[in-house]
Amino acid sequence: QVQLVESGGGLVQAGDSLRLSCAASVRTFSSYAMGWFRQAPGKEREFVTRISRRGGNTDYADSVKGRFTISRDNDKNTVYLQMNSLKPEDTAVYYCAASSGFGGYGLQSAYDYWGQGTQVTVSS
């Protein structure tokens, strides 16, 4: 069982930055690919980004490419999401997720474990 706890959300203004963290309670954190998803009010949960087990490979949704950066520290069992140049349309609950599988990381079904989410609100 893997428990994921997100933190770092909050209320910011457009153009500001935030860094989200997701701490995993698992001995073999490096065995999991990690992803971030988000869900805006009234919308489906959508893929934001993912990182490979050792951090060498990442993918981003087009809507955040160039503004968001995912990283991980396997010694600290933590994955991060650095969000810069935030826009009101980035407002959502952000979830981290862990995948023990291989491939299909843009799909929610690829992930075995999910955090409870952290709210990010960007005002204009």
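No experiment lies behind these values; they were computed from the predicted model shown.
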For this session: Kindly indicate whether the side chain of Tyr60, heavy atoms from C-beta on, has any atom under 4.5 Å from the side chain of Phe47.
Result: no
Exercise. Does some side-chain heavy atom of Lys76 sit less than 4.5 Å from a side-chain heavy atom of Phe29?
Worked result: no
Exercise. If you round to the nearest 0.5 Å, how far is OG of Ser71 from CG of Leu81?
Worked result: 8.5 Å
Exercise. With a cut-off of under 6.0 Å to the ring centre and 45° to the axis, is Arg19 in cation-pi contact with Tyr80?
Worked result: yes
Problem set entry | ILVMFWY network linking Leu20 to Ile51, side-chain heavy atoms under 4.5 angstrom | yes
Exercise. Taking the side chain as C-beta and beyond, is there a heavy-atom pair between Trp114 and Arg45 under 4.5 Å?
Worked result: yes
Problem set entry | Quiz item: cation-pi between Arg53 and Phe102, 6.0 Å / 45° | yes
Exercise. Considering only heavy atoms from C-beta outward, does the side chain of Met34 approach that of Arg50 to under 4.5 Å?
Worked result: no
For this session: Kindly state whether the ring of Tyr95 and the ring of Phe37 have centres lying under 6.0 angstrom apart.
Result: no
Problem set entry | Any side-chain heavy-atom pair of Tyr105 and Thr49 under 4.5 Å | no
Exercise. Under a 4.5 Å cut-off applied to non-hydrogen side-chain atoms, are Leu18 and Gln82 in contact?
Worked result: no
Exercise. So, are Lys65 and Asp62 salt-bridged, with charged N and O less than 4.0 Å apart?
Worked result: yes
Exercise. Counting only heavy atoms not in Gln116, do more than 12 fall under 6.0 Å of its CD?
Worked result: no
Exercise. Is Gln3 atom CD crowded by more than 12 heavy atoms from other residues, nucleotides or ligands, each under 6.0 Å away?
Worked result: no
Exercise. Are any non-hydrogen side-chain atoms of Ile70 and Trp36 less than 4.5 angstrom apart?
Worked result: yes
Problem set entry | Interatomic spacing from OH in Tyr32 to OG in Ser52 - rounded to 0.5 Å | 16.0 Å
For this session: Indicate whether the side chain of Ser17 and that of Asn84 have a donor and an acceptor atom separated by less than 3.5 Å.
Result: yes
Exercise. Just wondering, do Arg67 and Asp90 contact through their side chains at under 4.5 Å, heavy atoms?
Worked result: yes
Exercise. Any side-chain donor paired with an acceptor under 3.5 Å for Thr91 and Glu89?
Worked result: no
Seminar exercise, completed: CE (Met83) and OH (Tyr94) are apart, to the nearest 0.5 Å, by 5.5 Å
